[in-house]
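Lettering follows sequence order; numbering is per chain, from 1. Treat the numbers as computed from the prediction; the structure is a model and nothing was measured.
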Protein chains: 2
Amino acid sequence: MRVGELSRRSGVSVATIKYYLREGLLPAGERTGPNQAAYDDGHLRRLRMIRALIDVGGLSVVATRDVLAAVDDPDLPLFQALGRASGTTTTAPDAAEEQDEAWNEGERMLAEQVDERGWQVSAENPAWATAVGVLATYVRLGDADLARQLGLYMRTMEEVARHEVAAVVDRGDRARTVEGVVVGTVLGDTLLAAVRRLAQQHCSLRLLGETPPDPEG
Amino acid sequence: MRVGELSRRSGVSVATIKYYLREGLLPAGERTGPNQAAYDDGHLRRLRMIRALIDVGGLSVVATRDVLAAVDDPDLPLFQALGRASGTTTTAPDAAEEQDEAWNEGERMLAEQVDERGWQVSAENPAWATAVGVLATYVRLGDADLARQLGLYMRTMEEVARHEVAAVVDRGDRARTVEGVVVGTVLGDTLLAAVRRLAQQHCSLRLLGETPPDPEG
DNA sequence: CGTGAACGGATAGCTCTACTGTCCAAAGCT
DNA sequence: AGCTTTGGACAGTAGAGCTATCCGTTCACG
């Protein structure tokens, strides 16, 4: 198919498809002439993934490009492609921030918990800096007791991750597998956050007896 | 204190403080003359919160304004202020999207699980639409089996929410409590996502035996 | 074979967000 | 008195994410 059909079938405008081609999110079509190219179902699938990562996952165009590059790299260990994803999701802290007291306190908290739970993680994982940054922010805001939730978060996320990783091993096609992992991870963040809000509503109704927001009419 | 000191103590430039005042994120200082105003520690705390929500939580300026407005509204039930927060975090789906098959499928999945777990949540909660949107996206991408993780997510987030809600009830000052809840919820999303990445790395090393990314030198 | 739409490629322009800079007259400090 | 700072208004800026236009093919159809 050519770009017009790709546009019609994906719901993405031709101009935007051209933009994604320029930015390297979408691989070029197969050349069929000096200035003609053909696209296939792979391009269509890729395009739908791009829109999902951007619209639903909230990734930037650059982050999306990097994540997809990791998907396409056959040498990258599976979940490492994902560290890549998370690194592009959250902005890296500037060097200045890493030198203050709250940062050290946050890092201490995380290291302690990681050690206690016997997690095998590398400090190079961008998620490490992100987590420390959040904990440091709690400390700076004087809500350090919020950081006590860290143990709970680690316990529950370990269970989530165990299931997610287990659900992935039995697949065949690597490309499809990686795609599934990326989508599951990026969109999973959004889904988890939404489910958390629903759970909070449920639990606050249960425990605090706040009036339900439903006006019943 | 006046704006210069507020700037020095918060690390936010005077120009940006003026901008936040204009945009209604920061309440005006107490007038001490026709063109003079005084700010207090409350302003400083608020300013730090604004930076945390924007920089760490990833909220937009407008979303931050809305969340803070909910914090300031004494009539709003506690965790409903939060639904407000999540509503501004994720963009609402356009009406067109809600009419397609994948959307209905997603809504069916969520409703079934919510019913099964006996959750008391209202469909007006913006998190509902967000969750359905993610599930619908899974369906559209042909990764509907990812949606099977929904039960897992709901189970774990219920535990997280139960602890979070319980940790909140014993506080005294309502304003401080709401602040803590907002910070905990918004930054908690970021922290949970980062912890999930670390857990995924840990679990994938454990289960799949992928080589650790640490180059050891 | 002619003709009008669609194509790829390049480049310029647009809208929105989140600031940043400049100017002003009136305080404030010293 | 003289320099800085203030509150307030408003213009300008940089980057993100498209969108529009132009150009010289190329294709599809009569």
Side-chain angles (χ1 to χ4, degrees), chain A residues 1-40 43-44 47-68 88-92 94, chain B residues 1-40 43-44 46-47 49-68 88-92 94:
Chain A
M1 80 188 91
R2 291 186 309 175
V3 82
E5 190 180 346
L6 188 61
S7 168
R8 240 173 302 110
R9 290 224 265 159
S10 64
V12 178
S13 76
V14 172
T16 301
I17 291 174
K18 286 182 176 184
Y19 169 63
Y20 290 156
L21 285 165
R22 275 200 308 281
E23 296 296 313
L25 280 79
L26 198 59
E30 200 194 344
R31 308 306 306 263
T32 62
N35 63 348
Q36 293 285 297
Y39 306 92
D40 56 23
H43 289 92
L44 184 58
L47 203 42
R48 288 205 243 259
M49 231 179 117
I50 292 169
R51 296 312 314 192
L53 294 178
I54 290 176
D55 292 343
V56 185
L59 295 196
S60 69
V61 167
V62 176
T64 304
R65 194 230 295 131
D66 294 350
V67 168
L68 292 175
T88 52
T89 306
T90 58
T91 46
D94 39 1
Chain B
M1 79 188 91
R2 291 186 310 175
V3 82
E5 191 180 344
L6 189 60
S7 167
R8 240 174 301 111
R9 289 224 266 160
S10 64
V12 178
S13 76
V14 172
T16 301
I17 292 174
K18 285 182 175 184
Y19 168 65
Y20 290 156
L21 285 165
R22 275 201 305 282
E23 296 298 312
L25 279 80
L26 198 59
E30 201 194 341
R31 307 308 305 263
T32 62
N35 63 346
Q36 294 286 297
Y39 305 93
D40 55 24
H43 289 93
L44 184 58
R46 169 63 65 106
L47 202 42
M49 230 179 118
I50 291 169
R51 297 310 315 189
L53 295 178
I54 290 176
D55 293 341
V56 185
L59 295 196
S60 69
V61 168
V62 176
T64 304
R65 194 229 297 129
D66 294 351
V67 169
L68 292 175
T88 52
T89 307
T90 59
T91 46
D94 40 359

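When all heavy atoms of B:Leu21 and B:Pro27 are compared, the pair lying nearest together is CD2-O, 3.4 Å.
At most 12 non-hydrogen atoms from other residues, nucleotides or ligands lie less than 6.0 angstrom from CD of A:Glu30.
Rounded to whole Å, atom C1' of C:dT17 lies 16 Å from atom CD1 of B:Ile50. Between the P atom of C:dA6 and the CD1 atom of A:Ile17 lies a distance of 15 Å, rounded to the nearest Å. Regarding A:Leu6, its CG atom lies at a distance of 16 Å from the P atom of C:dA6, rounded to whole Å.
For the atom pair B:Asp66 CG and B:Ser60 OG, the distance stands at 8.0 Å (nearest 0.5 Å).
Judged by distance alone, the side chains of B:Arg51 and B:Tyr20 do bring a donor and an acceptor atom under 3.5 Å apart.
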Nucleic acid footprint by protein, nucleotides 5-20 of chain D - heavy-atom cut-off 4.0 Å, B for base, S for sugar-phosphate alone: -SBB-B------BBB-
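Each of B:Thr16, B:Leu68, B:Ile50 was evaluated against B:Leu26; a single residue qualifies, B:Ile50, per the side chain to side chain contact (heavy atoms under 4.5 Å, CB included) test.
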